[in-house]
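Data first, discussion second: the structure below is written as structure tokens.
Quick note on labels: first sequence line is chain A, next is B, and so on, each numbered from 1. Values below: every heavy atom of this structure, side chains too, minus hydrogens, waters and symmetry copies.
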Number of protein chains: 2
Amino acid sequence: MPKGNILTVDDEEDILELVRYNLSKEGYSVTCVTSGEEALSIARSNLPDLLILDLMLPGVDGIDVCRILKNDQKTEAIPIIMLTAKGEESDIITGLEMGADDYITKPFSPRILLARVKAVLRRKRNEFQDKSRIIKIHDLLINPGRHEVSVKDRHIDFTRTEFRILQFLAQRPGWVFTRYQIVDDVQGEDYPVTERSVDVHIVALRKKLGSSGKYIETVHGVGYRFKE
Amino acid sequence: MPKGNILTVDDEEDILELVRYNLSKEGYSVTCVTSGEEALSIARSNLPDLLILDLMLPGVDGIDVCRILKNDQKTEAIPIIMLTAKGEESDIITGLEMGADDYITKPFSPRILLARVKAVLRRKRNEFQDKSRIIKIHDLLINPGRHEVSVKDRHIDFTRTEFRILQFLAQRPGWVFTRYQIVDDVQGEDYPVTERSVDVHIVALRKKLGSSGKYIETVHGVGYRFKE
DNA sequence: TAAATTTTCAATCATTAGATAAGTTATTAA
DNA sequence: TTAATAACTTATCTAATGATTGAAAATTTA
């Protein structure tokens with residue numbers, strides 16, 4: 001019984017082999033292609049459970065593939081893990097803004113690969129964007145109906161913006177969000193602010209959360225994430 | 001906009017996933033917990049619209065949870081659907097005697113689950129937000145039948161709108177409501193007024209309530225709430 | 001270690017709520 | 001029906017609260 005169908009796109013055969021070998025071993029069914037065109041065609045026809053996508057591709061490149069899939073209702077739900085060369089922060093950010101779900105920088109170990117794949121698939125399974133749902137994570141209880149956060153039965157007051165940011169991040173633990181994504185969610189699209197503003201809210205959040213502040217993690221050069 | 005808040009308690013993650021997946025899909029907001037203690041705590045603070053309760057739980061078991069909630073004036077109105085293993089007739093009977101509203105035997109199909117949930121919610125609708133229910137909270141007695149509010153045996157006159165706002169807020173102490181929600185409830189949906197109109201009524205309410213006015217709390221940037 | 005990024009902090013700016021008054025609409029009594 | 005009264009809404013001003021910025025310090029990364 002296969003655990004999931006994974007489509008992998010990379011122009012380097014070595015990488016494809018590495019991915020195929022390690023994921024097959026774990027029971028995933030892996031399809032490998034070497035171009036963006038093939039990726040699009042197979043993604044649309046097979047609707048894989050996950051797409052592992054190299055951003056540097058000849059022809060239609062990874063960013064394009066990501067954009068096209070995420071803008072098509074049929075394929076937007078396919079989770080995407082990007083593969084990037086180290087230091088390509090701008091690509092990572094573009095990809096995340098495009099809707100990609102996670103990224104791995106090359107070179108990577110099989111352990112990392114497997115961990116990310118599992119994490120993304122798990123998150124996808126229980127992802128619900130319900131702003132009124134109670135979020136229970138670690139020792140936090142985020143209760144939107146009461147606009148209240150409790151840590152081990154102690155209540156903490158947050159301003160509206162702080163609360164929303166916390167809720168946004170905690171909704172998808174482990175996912176990285178850029179500052180722009182955070183502003184977009186919290187203040188509405190194209191709200192004109194400096195990214196610094198987000199940092200200040202993050203600081204306030206961490207401070208008020210006290211020892212639980214450590215759950216809000218900085219991803220250097222990319223954004224923030226709530227610890228899984 | 002969620003159709004209702006449903007709290008689900010089970011120690012098996014699979015069951016929780018099954019419930020969450022199927023009910024979320026239908027537009028319900030689902031919170032999952034794995035122990036009786038958590039269930040009690042969230043049920044009391046959040047007053048969900050429905051509790052789906054496994055009877056076999058480690059620690060405080062389902063029957064206990066049911067008894068405790070049904071014996072507390074605050075939570076007795078929360079409808080409860082029990083989950084039981086096939087053949088546990090005596091548990092089912094105990095549960096029903098305790099005040100549970102329905103039961104489902106495991107294993108169950110999503111269709112059955114949904115049907116029962118809908119049925120129970122339909123039966124219970126309005127009973128919860130029963131506009132004719134007498135509300136006793138702190139030193140206030142709100143009697144909708146007589147359109148009368150008294151504080152420590154002193155009788156206070158309110159206008160129609162003021163009364164309804166007070167009733168609306170006091171119905172769910174601790175919950176924050178936006179001005180928009182208040183107008184919707186009190187004047188009907190899409191009633192064309194400025195949100196600031198609510199503020200003026202709040203001022204009047206607080207003034208007339210005198211020292212009890214402090215129970216109506218402002219949540220800056222969000223709305224108003226009746227102190228729990 | 002240098003460069004880039006994040007954190008901190010204080011000053012400034014913007015938004016939100018409270019108080020009060022004035023203007024509208026609805027209700028009641030003559 | 002009209003006049004008087006009450007209820008409701010809007011407007012304005014002020015105070016309080018929260019959000020944003022920019023610059024310096026600290027930290028992280030290459």
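The side chain of A:R160 contributes an N or O atom lying less than 4.0 Å from OP1 or OP2 of C:dT16. Considering only side-chain N and O atoms, B:Y224 lies under 4.0 angstrom from the phosphate OP1 or OP2 of C:dG18. At least one side-chain nitrogen or oxygen of B:R179 sits closer than 4.0 Å to the OP1 or OP2 atom of C:dA17. When the side-chain nitrogen and oxygen atoms of B:T218 are compared with OP1 and OP2 of C:dG18, one or more of them lie within a distance under 4.0 Å.
If you take CD of A:E195 and P of C:dT7, they are 13 Å apart, rounded to a whole angstrom. B:Q187 places its CD atom 13 Å from the C1' atom of C:dT25, with the value rounded to the nearest Å. A straight line from CD1 of A:I202 to P of C:dT8 spans 11 Å, rounded to a whole angstrom. Whole-Å rounding puts the B:L205 CG to C:dA19 C1' distance at 16 Å. Rounded to a whole Å, the CG atom of B:D199 is 11 Å from the C1' atom of C:dA19. Between the NE2 atom of B:H201 and the P atom of C:dA17 there is a distance of 16 Å, given to the nearest Å.
A salt bridge does not link B:R20 to B:D10: none of the charged nitrogens lies less than 4.0 Å from a carboxylate oxygen.
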Exercise for the section: Determine, stepwise, if the pair A:D185 / A:K131 fulfils salt bridge (charged side-chain N to carboxylate O under 4.0 Å, His left out). Expected result: CA-CA 11 Å; A:D185 183 84; A:K131 292 253 199 282; 3.2 Å; yes

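Residue B:R206 places no side-chain atom within donor-acceptor reach of the base of C:dG18, judged by atom type and a 3.5 Å distance cut-off alone.
The residue among A:H220 and A:R196 whose nearest nucleotide of DNA chain D is located toward the 5' end is A:R196. In terms of position on DNA chain C, the residue among A:G223 and A:K207 whose nearest nucleotide sits closer to the 5' end is A:G223.
Within 4.0 Å of A:Y191, counting heavy atoms only, lie sugar-phosphate atoms of the nucleic acid but no base atom. Among the heavy atoms of the strands lying under 4.0 Å from A:T194 are primed sugar atoms or P, OP1, OP2 only; no base atom is included.
Of the N and O atoms on the side chains of A:T218 and A:R206, at least one donor lies less than 3.5 Å from an acceptor on the other residue. Side chains of A:N5 and A:S29: a donor-acceptor N/O pair is present below 3.5 angstrom, by distance only.
Between A:Y224 and A:F177, the ring center distance fails the sub-6.0 Å criterion.
With a heavy-atom cut-off of 4.0 Å to chain B, the contacted part of DNA chain D has its first and last nucleotide at D:dA7 to D:dG18.
For the pair B:D49/B:Y28, no side-chain contact is recorded, criterion being any heavy-atom separation below 4.5 Å from C-beta on. With contacts defined as side-chain heavy-atom distances shorter than 4.5 Å, the pair B:I42/A:L141 qualifies.
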